[in-house]
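Worksheet for the structure shown next.
Throughout, numbering of the chain's residues begins at 1 and tracks the sequence.
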Amino acid sequence: MANGVWHTGYHIKIELTHADLGHPDRPELLDEITLPIEQRDRELLQCPQHHGTGICRAEEEDRSPWMTIRRRTVGRGHDPGGRASAGTHQTNSR
(Lines give C-alpha, C1' and ligand atoms only; values in the text may rest on other atoms or scores of the structure.)
Protein backbone atom coordinates (compact mmCIF):
# COMPACT_ATOMS: atom_id res chain seq x y z
CA MET A 1 0.00 0.00 0.00
CA ALA A 2 1.17 3.47 -0.80
CA ASN A 3 0.79 6.53 1.42
CA GLY A 4 0.86 8.90 -1.51
CA VAL A 5 0.49 9.20 -5.26
CA TRP A 6 1.61 11.74 -7.85
CA HIS A 7 -1.22 13.50 -9.73
CA THR A 8 0.08 13.94 -13.28
CA GLY A 9 -2.56 16.52 -14.20
CA TYR A 10 -2.02 18.93 -11.29
CA HIS A 11 1.66 18.02 -10.72
CA ILE A 12 1.09 17.52 -7.00
CA LYS A 13 1.75 14.75 -4.50
CA ILE A 14 -1.43 13.49 -2.88
CA GLU A 15 -0.99 12.42 0.75
CA LEU A 16 -3.44 9.58 1.34
CA THR A 17 -2.92 9.66 5.11
CA HIS A 18 -4.18 13.27 5.37
CA ALA A 19 -7.91 13.96 5.63
CA ASP A 20 -7.55 16.78 3.07
CA LEU A 21 -5.05 14.72 1.01
CA GLY A 22 -2.50 17.48 1.67
CA HIS A 23 -4.46 19.94 -0.48
CA PRO A 24 -7.17 21.79 1.46
CA ASP A 25 -7.64 24.06 -1.55
CA ARG A 26 -8.93 21.10 -3.63
CA PRO A 27 -12.04 19.73 -1.88
CA GLU A 28 -13.05 17.78 -5.02
CA LEU A 29 -9.78 15.85 -5.17
CA LEU A 30 -10.96 12.72 -3.35
CA ASP A 31 -13.94 12.29 -5.65
CA GLU A 32 -11.73 12.83 -8.69
CA ILE A 33 -9.03 10.31 -7.78
CA THR A 34 -11.47 7.61 -6.69
CA LEU A 35 -13.38 7.58 -9.97
CA PRO A 36 -13.37 4.13 -11.57
CA ILE A 37 -10.40 3.73 -13.90
CA GLU A 38 -12.69 3.56 -16.94
CA GLN A 39 -14.01 7.05 -16.10
CA ARG A 40 -10.66 8.82 -15.89
CA ASP A 41 -7.26 8.93 -17.55
CA ARG A 42 -5.40 5.70 -16.73
CA GLU A 43 -2.18 7.67 -16.35
CA LEU A 44 -3.61 10.28 -13.96
CA LEU A 45 -2.04 8.79 -10.82
CA GLN A 46 1.58 7.70 -10.73
CA CYS A 47 3.79 6.08 -8.14
CA PRO A 48 5.61 9.04 -6.50
CA GLN A 49 8.86 7.07 -6.50
CA HIS A 50 8.61 6.64 -10.28
CA HIS A 51 7.90 10.35 -10.65
CA GLY A 52 10.97 11.23 -8.59
CA THR A 53 13.52 8.70 -9.81
CA GLY A 54 12.10 7.23 -13.00
CA ILE A 55 11.48 3.75 -11.56
CA CYS A 56 9.57 2.30 -8.64
CA ARG A 57 9.74 -1.03 -6.83
CA ALA A 58 6.57 -2.24 -8.52
CA GLU A 59 8.26 -2.00 -11.91
CA GLU A 60 10.99 -4.31 -10.67
CA GLU A 61 8.18 -6.86 -10.15
CA ASP A 62 6.85 -6.27 -13.69
CA ARG A 63 3.99 -4.08 -12.50
CA SER A 64 3.01 -0.65 -13.70
CA PRO A 65 3.84 2.71 -12.05
CA TRP A 66 0.23 3.84 -12.73
CA MET A 67 -2.00 3.66 -9.69
CA THR A 68 -5.61 3.42 -8.61
CA ILE A 69 -7.20 4.55 -5.36
CA ARG A 70 -9.93 2.78 -3.44
CA ARG A 71 -12.23 4.29 -0.85
CA ARG A 72 -12.65 2.46 2.39
CA THR A 73 -15.05 2.54 5.27
CA VAL A 74 -13.64 3.16 8.71
CA GLY A 75 -14.98 1.19 11.65
CA ARG A 76 -18.46 -0.28 11.46
CA GLY A 77 -20.26 2.53 9.72
CA HIS A 78 -19.67 4.44 6.52
CA ASP A 79 -16.85 6.94 6.67
CA PRO A 80 -18.55 10.27 5.89
CA GLY A 81 -15.20 11.68 4.84
CA GLY A 82 -14.80 8.91 2.28
CA ARG A 83 -11.11 8.44 3.01
CA ALA A 84 -8.78 6.91 0.49
CA SER A 85 -7.19 3.71 1.68
CA ALA A 86 -4.21 3.22 -0.62
CA GLY A 87 -2.97 3.15 -4.16
CA THR A 88 -2.50 -0.15 -5.87
CA HIS A 89 -0.33 -0.73 -8.86
CA GLN A 90 -2.00 -2.02 -11.98
CA THR A 91 -0.52 -4.96 -13.84
CA ASN A 92 1.43 -4.13 -16.97
CA SER A 93 -0.35 -5.10 -20.15
CA ARG A 94 2.26 -6.53 -22.49
*Stepwise side-chain contact (heavy atoms from CB on, under 4.5 Å) test for Ile12 and His23*: CA-CA 9 Å; Ile12 58 173; His23 298 280; 3.6 Å; yes

*Could you go through the side-chain contact (heavy atoms from CB on, under 4.5 Å) check for Leu21 and Ile33 one step at a time?*
CA-CA 11 Å; Leu21 303 177; Ile33 67 172; 4.0 Å; yes

*Intermediate values then yes/no, side-chain contact (heavy atoms from CB on, under 4.5 Å), Thr68 and Leu45*: CA-CA 7 Å; Thr68 59; Leu45 303 175; over 6 Å; no

*Derivation and outcome, side-chain contact (heavy atoms from CB on, under 4.5 Å), residues Val5 and Lys13*: CA-CA 6 Å; Val5 297; Lys13 183 176 181 186; over 6 Å; no

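Considering all non-hydrogen atoms of both residues, Tyr10 and Glu28 come closest at OH-OE2, 4.2 Å.
Between atom CH2 of residue Trp66 and atom CZ of residue Arg42 there is a gap of 12.5 Å, rounded to the nearest 0.5 Å. Taking CG of Leu29 as the reference point, atom OG1 of Thr34 lies at 9.0 Å (rounded to 0.5 Å). Taking SG from Cys56 and CE from Met67, the interatomic distance works out to 7.5 Å, rounded to the nearest 0.5 Å.
Placement of Trp6 and Ile69 in two distinct hydrophobic clusters is found when ILVMFWY residues are connected by side-chain heavy-atom separations under 4.5 Å, directly or transitively.
Side-chain atoms of Thr8 do not come within 3.5 Å of backbone N or O of Gln46 as any donor-acceptor pair.
Between His7 and Glu32, the side chains place a donor N or O and an acceptor N or O closer than 3.5 Å (distance only, hydrogens not considered).
Thr17 has its side chain within reach of Asn3: a pair of non-hydrogen atoms, C-beta onward, lies under 4.5 Å apart.
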